[in-house]
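Have a look at the structure below, then the notes.
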Amino acid sequence: MSENSQFRFPGATGVGSLPGTDAREAAKTVTGSFEDFPFLAELPARGPGADMIGRTAGMLVELYARVEPSGWRIGDRPGRDTRRARSWLVEDLDALEEFTQGYEGELKVQAVGPWTLAAALELRNGEAALSDAGACRDLAASLAEGLRLHLAEVRRRVPGARLVLQLDEPSLTAVLRGQVRTASGYRTHRAVDRQVVEATLRDVVAVAGGGPVTVHSCAPDVPFALLRRAGAAAVSFDFALLTERDDEAIGEAVEAGTWLFAGVVPGTDGPLSDPAGSVMGVRTLWRRLGLHPGLLAEAVTVTPACGLAGASPAYARRALAHCVRAARSLADNPE
């Protein structure tokens, strides 16, 4: 087992985004749902700067971004969009601090990872930063410094917390396969070398200072082995997108001590099965891999399949509570 296996994540948490625009209500929901693994909620319904890309762009150091009709574009100086993103982040931190007084335990914060950011942020010519290797390096370095400062601020506000950094990388597989489209839409950017992708991720993971990092992707074909080599303690994914061709990579990851954040609860409104039914697929996977059932509670955290921004507030609250009950079912009845 790797050194990552020495860290034990609690049984359930959320992915990141929630519906609505009220930071205090979001913080109250998160801390009330997850007594031992809350997270800093994201509320993209507030508009540009609260969305996944804009929020992380606001964390960058000495790089700035503004909203254009085509998306977020790197600019020369901080403007209204950067100020708005930073203001909302402060608002979210204020709310989290209010509802975590005296808290001691795991606390998760999320940011977009370097490769999804490079695929989404445009350069001045309108092409993705992904098109320029130098721009990718500068962006990753700026992100790393911004995350270092962000983590320090969260530690200051919630001094008893053990921070878990989540890097959101839904575009990672497309970056590796050369499937990210150019601005014209007629071509794709060339695939980035896997060693470059891994090395960049490793540098960003290092900002956690030895604290655990999980990488989240709700896209198919998550590169489990690459993420493990890059230093991720855990991989977060949409369980419904797994196929049997992922079995070997998952089995190797678990045996190497990588924790699994299994997204088994739907992210949009719909009927929820009983808690045991929600994790039935996880038990089936475990049997297929020949892993000991007793390992389940020591290797799996239950989450929604992806963020809950597209759900109704009532469903989002039910989904978070359902994750806790499903995790309890998995721990109590691993077989």
Heavy atoms from other residues, nucleotides or ligands near CZ of Arg288 exceed 12 (cutoff 6.0 Å): yes
CA sep, side-chain torsions, deciding dist, call: Phe261, Phe237, side-chain contact (heavy atoms from CB on, under 4.5 Å): CA-CA 6 Å; Phe261 281 36; Phe237 55 95; 5.8 Å; no
Sequence neighbours excluded - salt bridge (charged side-chain N to carboxylate O under 4.0 Å, His left out) pairs with any residue from residues 258-277: none
Closest approach of Thr116 to Leu172 (non-hydrogen atoms, all atoms of both residues): OG1-N, 4.0 Å
Enclosure of Glu35 CD (heavy-atom neighbours >12, cutoff 6.0 Å): no
Side-chain (Ser312) to main-chain (Tyr315) donor-acceptor, under 3.5 angstrom: yes
Flag for Trp72-Asp81: side-chain donor and acceptor within less than 3.5 Å: no
Nearest-0.5 Å distance, NE2 of residue His150 to OG1 of residue Thr56: 8.5 Å
Donor-acceptor contact present, side-chain Lys108 to main-chain Gly14, <3.5 Å: yes
Those residues that, when tested against Phe34, pass ring-ring contact (aromatic ring centres under 6.0 Å, His included) (two or more places apart): none
Main-chain N/O of Pro48 paired with Asp51 side-chain donor or acceptor, under 3.5 Å: no
Inter- and intrachain pairs under salt bridge (charged side-chain N to carboxylate O under 4.0 Å, His left out), touching residues 174-188, at least two apart: Arg177-Asp221
Full working for side-chain contact (heavy atoms from CB on, under 4.5 Å) between Leu285 and Val282: CA-CA 5 Å; Leu285 170 67; Val282 180; 5.6 Å; no
Arg287 atom CZ, neighbour heavy-atom count above 12 within 6.0 Å: yes
Ala311 to Gly267 - nearest heavy-atom pair and separation: CB-O, 3.6 Å
Minimal non-hydrogen separation, Leu96 against Leu107, with atom names: CD2-CD2, 4.0 Å
Salt bridge (charged side-chain N to carboxylate O under 4.0 Å, His left out): pairs with one or both residues in residues 303-324, sequence neighbours excluded: none
Nearest-0.5 Å distance, CZ of residue Arg55 to CG of residue Leu40: 5.0 Å
Main-chain N/O of Arg83 paired with Ser87 side-chain donor or acceptor, under 3.5 Å: no
Residue pairs fulfilling side chain to side chain donor-acceptor pair (under 3.5 Å) with at least one residue in residues 10-28, sequence neighbours excluded: Arg24-Glu98
Ala208 to Val213 - nearest heavy-atom pair and separation: CB-CG2, 3.5 Å
Under 3.5 Å, which donor-acceptor pairs link side chains of residues 152-161 to any protein atom two or more places apart or in another chain?
| residue | atom | partner | partner atom | Å |
| --- | --- | --- | --- | --- |
| Glu153 | OE1 | Arg156 | NE | 3.1 |
| Glu153 | OE2 | Arg156 | NH2 | 2.8 |
| Glu153 | OE2 | Arg157 | NE | 2.8 |
| Arg157 | NH1 | Asp94 | OD1 | 2.8 |
| Arg157 | NH1 | Glu97 | OE1 | 2.8 |
| Arg157 | NH2 | Asp94 | OD1 | 3.1 |

Side-chain hydrophobic cluster, 4.5 Å single linkage: members besides Val90: none
Contact list for residues 159-176, test salt bridge (charged side-chain N to carboxylate O under 4.0 Å, His left out), sequence neighbours left out: Glu106-Arg162
Over 12 foreign heavy atoms within 6.0 Å of CD, Glu68: yes
Exceeds 12 heavy-atom contacts within 6.0 angstrom, atom CD of Glu104: no
Donor-acceptor contact present, side-chain Ser131 to main-chain Glu127, <3.5 Å: no
Cluster overlap Leu289 with Val302, hydrophobic side-chain contacts below 4.5 Å: yes
Any donor-acceptor N or O pair under 3.5 Å, side chains Gln166, Ser236: no
Hydrophobic cluster (4.5 angstrom, side-chain heavy atoms) - remaining members for Leu149: Val61
Considering all heavy atoms, the nearest Gly126-Ala183 contact: O-CB, 3.6 Å
Short N-O contact, Glu198 and Arg202, less than 4.0 angstrom: yes
Full working for side-chain contact (heavy atoms from CB on, under 4.5 Å) between Leu60 and Leu117: CA-CA 11 Å; Leu60 298 175; Leu117 203 59; 4.1 Å; yes
Partners meeting disulfide bond (SG atoms under 2.5 Å apart) with Cys306 (sequence neighbours left out): Cys218
Polar side-chain atom of Glu42 near backbone of Leu18 as donor-acceptor pair, under 3.5 Å: no
From CE (Met59) to CZ (Arg148), nearest 0.5 Å: 14.5 Å
Residue pairs, two or more places apart or on separate chains, that pass side chain to side chain donor-acceptor pair (under 3.5 Å) and touch residues 290-308: Trp259-Thr301
Heavy atoms of other groups near Arg86 CZ, more than 12 under 6.0 Å: yes
Under 3.5 Å side-chain donor-acceptor pair for Thr182 and His189: no
Ile74: side-chain contact (heavy atoms from CB on, under 4.5 Å) partners, not counting sequence neighbours: Leu63, Leu121, Leu123
For Gly20 against Ala45, the heavy-atom pair lying closest together: O-CB, 3.6 Å
Ser33 side chain vs Ala321 backbone, donor-acceptor pair below 3.5 Å: no
Check ion pair Glu91-Arg46 (N to O, under 4.0 angstrom): yes
Whether Thr200 side chain and Val196 backbone form a donor-acceptor pair below 3.5 Å: yes
Polar side-chain atom of Arg8 near backbone of Ala297 as donor-acceptor pair, under 3.5 Å: yes
Working for side-chain contact (heavy atoms from CB on, under 4.5 Å), residues Ser142 and Glu62: CA-CA 7 Å; Ser142 175; Glu62 296 183 1; 5.7 Å; no
